[in-house]
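For reference, the structure is listed below as C-alpha coordinates.
FYI, side chains are in, hydrogens and waters are out, and symmetry mates aren't considered; it's all heavy atoms of this structure. Since the structure is predicted, the reported quantities are computational estimates derived from the model, not experimental observations.
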Amino acid sequence: MNEESGAELQQKILQETARYPWKELIRQFAAGNVVVVADGLDLVEVAYWMASDNAPAVAPLLASGQLAKVSDEQAQQWLKEEAELWTVVVKPWIVVQYKKVTH
(Lines give C-alpha, C1' and ligand atoms only; values in the text may rest on other atoms or scores of the structure.)
Protein backbone atom coordinates (compact mmCIF):
# COMPACT_ATOMS: atom_id res chain seq x y z
CA MET A 1 0.00 0.00 0.00
CA ASN A 2 1.53 3.33 -0.95
CA GLU A 3 1.54 6.31 1.42
CA GLU A 4 -1.20 8.20 -0.43
CA SER A 5 -3.64 5.26 -0.47
CA GLY A 6 -2.86 4.66 3.21
CA ALA A 7 -3.77 8.25 4.01
CA GLU A 8 -6.93 7.93 1.93
CA LEU A 9 -7.93 4.75 3.77
CA GLN A 10 -7.30 6.39 7.14
CA GLN A 11 -9.41 9.39 6.09
CA LYS A 12 -12.22 7.10 4.89
CA ILE A 13 -12.21 5.26 8.22
CA LEU A 14 -12.29 8.55 10.11
CA GLN A 15 -15.26 9.77 8.05
CA GLU A 16 -17.16 6.51 8.63
CA THR A 17 -16.68 6.53 12.42
CA ALA A 18 -19.87 7.33 14.32
CA ARG A 19 -21.58 6.87 17.68
CA TYR A 20 -24.09 4.05 17.59
CA PRO A 21 -26.43 2.56 20.23
CA TRP A 22 -25.25 -0.84 21.44
CA LYS A 23 -28.79 -2.23 21.20
CA GLU A 24 -28.58 -1.71 17.42
CA LEU A 25 -25.44 -3.88 17.26
CA ILE A 26 -26.80 -6.92 19.13
CA ARG A 27 -27.45 -8.86 15.92
CA GLN A 28 -23.86 -8.39 14.74
CA PHE A 29 -22.61 -9.27 18.25
CA ALA A 30 -24.62 -12.50 18.18
CA ALA A 31 -22.97 -13.35 14.85
CA GLY A 32 -19.54 -12.84 16.46
CA ASN A 33 -18.65 -9.85 14.28
CA VAL A 34 -18.07 -7.13 16.90
CA VAL A 35 -14.63 -6.41 18.34
CA VAL A 36 -13.84 -3.86 21.01
CA VAL A 37 -10.81 -1.59 21.17
CA ALA A 38 -9.52 -0.66 24.64
CA ASP A 39 -10.35 2.87 25.78
CA GLY A 40 -6.76 4.11 25.75
CA LEU A 41 -6.22 3.29 22.07
CA ASP A 42 -7.09 5.31 18.97
CA LEU A 43 -10.10 3.63 17.34
CA VAL A 44 -9.30 5.01 13.88
CA GLU A 45 -5.68 3.90 14.04
CA VAL A 46 -6.58 0.36 15.15
CA ALA A 47 -9.29 0.11 12.47
CA TYR A 48 -6.74 1.31 9.90
CA TRP A 49 -4.26 -1.37 11.00
CA MET A 50 -7.01 -3.99 10.67
CA ALA A 51 -8.12 -2.72 7.24
CA SER A 52 -4.54 -2.68 5.95
CA ASP A 53 -3.75 -6.16 7.37
CA ASN A 54 -0.97 -4.78 9.58
CA ALA A 55 -0.42 -7.98 11.59
CA PRO A 56 2.67 -6.65 13.44
CA ALA A 57 0.51 -3.83 14.89
CA VAL A 58 -2.67 -5.87 15.49
CA ALA A 59 -1.15 -9.08 16.95
CA PRO A 60 0.11 -7.50 20.20
CA LEU A 61 -3.29 -5.87 20.76
CA LEU A 62 -5.01 -9.22 20.38
CA ALA A 63 -2.45 -10.93 22.64
CA SER A 64 -2.89 -8.31 25.38
CA GLY A 65 -6.70 -8.21 25.12
CA GLN A 66 -6.70 -4.56 24.02
CA LEU A 67 -8.51 -5.75 20.89
CA ALA A 68 -10.97 -8.58 21.42
CA LYS A 69 -14.42 -9.89 20.62
CA VAL A 70 -17.01 -8.33 22.91
CA SER A 71 -17.70 -10.63 25.84
CA ASP A 72 -21.21 -11.68 26.86
CA GLU A 73 -20.75 -9.83 30.15
CA GLN A 74 -19.71 -6.62 28.42
CA ALA A 75 -22.61 -6.89 25.97
CA GLN A 76 -25.07 -7.28 28.85
CA GLN A 77 -23.58 -4.31 30.71
CA TRP A 78 -23.77 -2.07 27.64
CA LEU A 79 -27.37 -3.11 27.04
CA LYS A 80 -28.23 -2.35 30.67
CA GLU A 81 -26.55 1.08 30.42
CA GLU A 82 -28.14 1.80 27.03
CA ALA A 83 -24.60 2.58 25.94
CA GLU A 84 -23.60 4.32 22.74
CA LEU A 85 -20.28 3.30 21.27
CA TRP A 86 -17.90 4.74 18.74
CA THR A 87 -18.09 2.37 15.78
CA VAL A 88 -16.56 1.80 12.38
CA VAL A 89 -16.91 -1.09 9.96
CA VAL A 90 -13.80 -2.94 8.83
CA LYS A 91 -15.37 -5.86 7.01
CA PRO A 92 -16.20 -8.39 8.28
CA TRP A 93 -15.84 -6.67 11.66
CA ILE A 94 -17.65 -3.89 13.42
CA VAL A 95 -15.00 -2.24 15.54
CA VAL A 96 -16.32 -0.49 18.64
CA GLN A 97 -14.96 1.56 21.49
CA TYR A 98 -16.78 2.49 24.67
CA LYS A 99 -16.14 5.90 26.14
CA LYS A 100 -18.31 6.78 29.09
CA VAL A 101 -20.06 10.09 28.48
CA THR A 102 -20.14 12.37 31.48
CA HIS A 103 -22.55 15.27 31.56
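Scanning both residues, A57 and W49, for their nearest heavy atoms gives CB-CD2, 3.5 Å. The heavy-atom pair separating K23 from L79 by the smallest distance is CB-CD1, 3.9 Å. Contact record, A55 with P60: O-CD, 4.2 Å, taken as the closest heavy-atom pair. Listed here is the closest heavy atom pair of V70 and A75: CG1-N, 3.9 Å. Nearest approach of I13 to A51, heavy atoms of both residues: CD1-CB, 4.1 Å.
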### Task
For Q66 and V37, run side chain to side chain contact (heavy atoms under 4.5 Å, CB included): C-alpha distance rounded to whole Å, both residues' side-chain angles, the deciding distance at 0.1 Å, then the answer.
CA-CA 6 Å; Q66 292 181 292; V37 173; over 6 Å; no

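Residues W86 and T17 are in side-chain contact: their nearest non-hydrogen atoms beyond the backbone lie under 4.5 Å apart. Side-chain contact between L67 and V36 is absent, with no heavy-atom pair separated by less than 4.5 Å. The shortest side-chain heavy-atom distance between W22 and E84 does not fall under the 4.5 Å cut-off. Between V34 and W93 there is no side-chain heavy-atom pair separated by less than 4.5 Å. In this structure the side chain of L61 reaches within 4.5 angstrom of the side chain of V46, judged on heavy atoms. Contact of the D39 side chain with the K99 side chain is registered, since non-hydrogen atoms from C-beta on lie closer than 4.5 Å. Side-chain contact between V88 and V44 is absent, with no heavy-atom pair separated by less than 4.5 Å. Within the 4.5 Å cutoff, no side-chain heavy atoms of V89 are placed close to those of E16.
If you take OH on Y98 and OG1 on T87, they are separated by 15.0 Å, rounding to the nearest 0.5 Å. Here the straight-line distance linking atom CD of Q74 with atom CG of D72 works out to 11.0 Å at 0.5 Å rounding. For the atom pair I26 CD1 and Q76 CD, the distance stands at 9.5 Å (nearest 0.5 Å). We find the CG-CG distance between L85 and L43 to be 10.0 Å, quoted to the nearest 0.5 Å. Rounded to the nearest 0.5 Å, atoms CH2 (W78) and CG (L25) are 9.0 Å apart. Between atom CD of residue Q28 and atom CD1 of residue I94 there is a gap of 4.0 Å, rounded to the nearest 0.5 Å.
Using modelled atom types and a 3.5 Å distance limit, the side chains of Q77 and E81 yield a donor-acceptor pair.
Side-chain atoms of Q97 come within 3.5 Å of backbone atoms of L41 as a donor-acceptor pair (strictly under, hydrogens ignored).
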